[in-house]
Amino acid sequence: PLCCKPEKRGKVVCLPRLSRVAVCGGTHGNELSGVYLVRELLKAKDIVMEEEREEPASVLMVLANPRAMQQCRRYVDTDLNRCFTHATLNGPISDSAPYEMTRSRELNAMLGPKGSPGAVDLVCDLHNTTANMGLCLIAYSDCDWICLHIFKHLQRQMPDVPMRFIHFDVSSKESYSLDSVGKHGFAMEIGPQPHGVVRSNIYTAMKDGVQHMLDWVRLFNSGTIFEAGFVDVFTIVKNIDYPRDSETHNITATIHPQLQDRDFLLLHPDDALFQTFSGETLRYKGNEPLYPFFVNECAYYEKGIALSLARKRHVVVPAIRAQTEAERRRDQQGFASEEE
Amino acid sequence: VSLARFDEARRVAIFGGTHGNEMSGVTLVNLWVKNGSEIQRKMVDTKPFITNPRAVEKCTRYVDTDLNRAFTPENLSALGEGDLPYEVQRAQEINRIFGPKGSPEAYDVIFDLHNTTSNMGCTLILESSKDYFNLQMMNYIKVTDIRLKSLLKASIQLVECCFTSVNIVLCDWFIAGLEVGPQPQGVLRSNIFEAMRVILKHALDFIELFNEGVEFPTCTVEVFRVLERIDYPRDANGNIIAMVHPNLQDGDWEPLNPGDPMFLTFDGKTLHYQGSGTIYPTFINEAAYYEKQQAFVTTRRETLVASAIRKA
C-alpha cells in the first residue's frame with residue numbers, strides 16, 4: 001500500500017504532500033458534534049474566502065448525510081458508513097436504491113473516486129459514540145504514517161483528553177466507510193455522548209482535534225520533519241453480541257455494571273460481561289485478556305455488537321516529511337519509465 | 001385536611017415505550033408481560049402495557065407525533081380511524097382500555113416509565129401539589145430504601161408540570177411519570193434499569209400496604225415546581241448557536257444563580273443566566289427537547305406538607 005512504501009531519504013520516510021483534505025460531519029445524522037462543527041467551519045470558511053486568505057492545502061467541509069441530519073437519525077434507509085465498498089460504489093444501481101447508496105456515489109464522485117489518483121489526500125470523518133471511549137482515531141491500517149503522526153500530534157497538543165488509535169484490520173478491497181475514499185483517511189470518534197445531543201466538552205474536544213489535525217497538515221506540507229516514535233495501536237480482534245431470546249431475538253441482558261463505561265480497561269478471562277434481567281452475571285469466556293471498546297454503543301444493538309475487543313501493540317513509527325517538488329517530479333518520471 | 005381518605009387502588013397500570021427509544025421502561029414492561037409475578041400484589045390487578053409498539057419496534061421516540069402530548073380532548077374525540085396519525089389512534093385505544101376519566105372502569109393508578117439524557121437521577125413527575133397519595137408514596141420509597149440515595153446521583157424529586165400528557169386526561173386519581181436518567185436513547189444501562197425496577201417494587205408495596213388499611217401519617221416532601229422553559233440561543237434561521245455550558249451540563253437540581261454561566265457559543269463565548277433570582281434547573285440537555293425549543297427547565301424548590309392518608 002502507498003503508505004508503507006519505504007521511500008527513504010536517510011532515516012526519514014518521504015510521502016507526497018496532502019494538497020486536498022476533507023472534513024466530514026453528519027455521516028450519521030444524529031451524531032451532533034460533527035454536524036455542528038462542520039456547519040460552523042462552513043460559516044467560518046465563508047468569512048475566510050471573503051478575506052481571500054490562501055491556504056497551502058485546500059480543505060473541503062462536507063455534510064455527508066443531510067437527509068438523516070434533517071431528521072436527526074443515524075440514517076434514512078441504510079447506514080451510509082457501510083456504503084463505500086468498491087462493490088457498492090461501482091455495482092449496478094436501480095431507481096429504487098436506498099438513499100444512502102445514491103449518496104455514497106455522490107460523495108465518491110466529490111472526494112474520490114476511491115482508489116484513483118484523483119481522490120482527496122486525506123479524509124477525516126467525524127463521529128460520536130455513546131460508549132466511554134474518549135477520542136479515538138479509527139483507521140484501516142496500522143502503518144499509515146500520516147494517520148499515526150497525526151495521532152501523535154493530537155496526543156502532544158491535547159494531553160488532557162484520553163486518546164487511542166484503533167486499527168480495523170480490513171483489506172482495502174473490503175473497506176466500507178467514508179474515510180476509505182481518500183488516499184489516507186480515518187474516523188475521529190468521540191464519546192460518551194448520547195445521539196441527538198451536543199455536549200460542550202465533547203464538541204470542544206472535536207473542534208480542537210480537527211484544528212490540530214489541520215495544523216499538522218500545514219506543518220507537514222511546509223516541509224517539517226516529524227520525528228520517529230511509537231504509538232500503542234489497538235487492533236480489533238472480535239465482537240461480542242448480547243445474549244438474546246431465541247424466538248424474539250430481543251436482548252436478555254445488559255452490559256454488566258463492572259464493565260459499563262470501562263472501555264480500554266483490560267478485560268480478563270472470567271471478568272463480568274453481562275447481567276441478565278434475572279440478575280445473573282455472565283462472564284468473559286475467552287482465554288486471552290483483551291481491551292474492550294464500543295461498550296454499549298447504541299447503534300450497534302441492531303448490528304449484534306455489545307462490545308468489541310482488541311489487542312494492544314507497540315507500533316514503531318518512522319520519521320516522516322513531505323516530498324519536495326523535485327522529489328515528486330523524480331518519482332513521477334521514475335514511475336513513467338517503470339511503465340515503459 | 002388532617003386525614004385524606006381514598007378508595008382502594010384496585011387496578012394499576014405500568015406503561016413502557018410511550019417513547020419507543022426509552023429502553024428501561026420498554027425492557028421492564030416486556031419482561032413483566034412475559035412473567036408478571038414480580039409486579040403482583042395482593043388484591044391489586046397490575047397490568048404492564050407497551051403504549052407505543054410501533055415506535056418500540058423502530059426504536060424511535062415516535063412514529064408520527066409524540067404520544068405523550070397526544071392525549072388532548074380534540075384528539076380523543078377525533079374521527080377518521082386509520083387516517084389519523086398513529087399516536088392519535090394509540091391515544092384513543094389507550095383511553096378505551098384504561099379510561100376514560102371519570103368512569104368506573106378507569107384504572108386507579110398509572111405509572112408511565114421514561115428515560116432522559118439529562119442527569120436527573122430518579123424523578124417522579126406529578127400534576128398537582130395536592131396529590132397526597134403520590135407524595136406519600138414518594139416519602140415511603142425514600143424512607144424505605146436507603147440504597148436509592150447512593151444508587152443514583154439525585155434522590156427522588158417531584159416536579160409539577162403543565163404540559164399535556166397521558167396524565168391529564170386518563171385518570172381521576174393517581175398518575176406518576178417516572179423519569180430516570182442519564183441514559184442515551186436506544187441504550188439500556190444496568191444501573192438505570194435496576195433503579196427503575198426497585199422504585200416500582202417499592203411503589204407497588206406502598207399500594208398494597210395502603211389497600212390493607214395502613215395509615216400513612218402526615219409528612220413533608222421537598223419538591224421542585226416547574227416555572228418556565230429556556231430555549232437554546234438561535235440565529236435568524238432558527239439554528240442553535242450555543243451549547244449548554246460545561247458548568248451547567250449535568251447540574252440538574254443544583255442552584256443556578258443570576259450571572260452563572262448558562263450557554264457556550266460555538267466560537268467560545270459564555271452566555272450568563274439573566275434571571276432575577278436563584279432557580280433549580282432540570283431536564284438539562286434532553287435530546288428530545290431540541291425540537292421542542294427547550295434547553296432546560298427552571299424550577300423553584302418548595303417543601304410541601306402531605307396530609308395523612310388512609311383507605312376509605
Does [X] reach the side chain of [Y], with side-chain heavy atoms less than 4.5 Å apart?
{"X": "Phe264(A)", "Y": "Ile166(A)", "answer": "yes"}
{"X": "Leu273(A)", "Y": "Tyr284(A)", "answer": "yes"}
{"X": "Val38(A)", "Y": "Val62(A)", "answer": "no"}

Looking only at side-chain N and O atoms, does Ser24(B) offer a donor or acceptor that is under 3.5 Å from a partner on Asn115(B)?
yes
Would you check if there is a donor-acceptor pair between the side chains of Tyr242(A) and Asn250(A) at a distance under 3.5 Å?
no
Any residue of residues 290-308 of chain A which, by heavy atoms, sits under 4.5 Å from chain B
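Those residues of residues 290-308 of chain A which have a heavy atom under 4.5 Å from chain B are Asn296(A), Cys298(A), Tyr301(A).
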Neighbourhood of chain B inside residues 27-34 of chain A, taking heavy atoms under 4.5 Å as contact
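Only Leu32(A) of residues 27-34 of chain A have a heavy atom under 4.5 Å from chain B.
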What part of [X] lies closer than 4.5 angstrom to a heavy atom of chain A: side chain, backbone, both or neither?
{"X": "Leu28(B)", "answer": "neither"}
{"X": "Gln185(B)", "answer": "both"}
{"X": "Leu31(B)", "answer": "side chain"}
{"X": "Thr60(B)", "answer": "neither"}
{"X": "Phe266(B)", "answer": "both"}
{"X": "Phe263(B)", "answer": "neither"}

Taking it one step at a time, do Val76(A) and Arg103(A) satisfy side chain to side chain contact (heavy atoms under 4.5 Å, CB included)?
CA-CA 11 Å; Val76(A) 173; Arg103(A) 183 64 186 148; over 6 Å; no
Any idea which of Thr130(A), Thr254(A), Thr204(A), Thr252(A) has the most non-hydrogen atom pairs under 4.5 angstrom with chain B?
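Top count of heavy-atom pairs under 4.5 Å with chain B: Thr254(A).
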Under 3.5 Å: donor-acceptor pair, side chain of Arg73(A), backbone of Gln70(A):
no
When rounded to the nearest 0.5 angstrom, what is the spacing between OG in Ser200(A) and NZ in Lys207(A)?
12.0 Å
For residues 255-267 of chain B, which residue pairs pass the salt bridge (charged side-chain N to carboxylate O under 4.0 Å, His left out) check, not counting sequence neighbours?
none
Could you name each residue pair satisfying salt bridge (charged side-chain N to carboxylate O under 4.0 Å, His left out) that touches residues 15-34 of chain B, not counting sequence neighbours?
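For residues 15-34 of chain B, and leaving out neighbouring residues, the salt bridge (charged side-chain N to carboxylate O under 4.0 Å, His left out) pairs sorted by first residue read Asp245(A)-Lys34(B), Glu22(B)-Arg61(B).
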Interface moiety of Phe274(A) toward chain B, non-hydrogen atoms closer than 4.5 Å
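Looking at Phe274(A), nothing touches chain B.
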Chain B heavy atoms under 4.5 Å from Ile251(A): which part of the residue, side chain, backbone, both or neither?
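Only the side chain of Ile251(A) comes within 4.5 Å of chain B.
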Within 6.0 angstrom of Lys285(A) NZ, more than 12 heavy atoms from elsewhere
yes
Using a cut-off of 6.0 Å, state whether more than 12 heavy atoms not belonging to Arg197(B) lie near its atom CZ.
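Above 12, so yes.
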In short, Asn247(B) meets Pro261(B) closest at the heavy-atom pair ND2-CG, 3.7 Å
Should Arg54(B) and Glu57(B) count as an ion pair when the cut-off is N to O under 4.0 Å?
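Looking at Arg54(B) and Glu57(B), the cut-off is not met.
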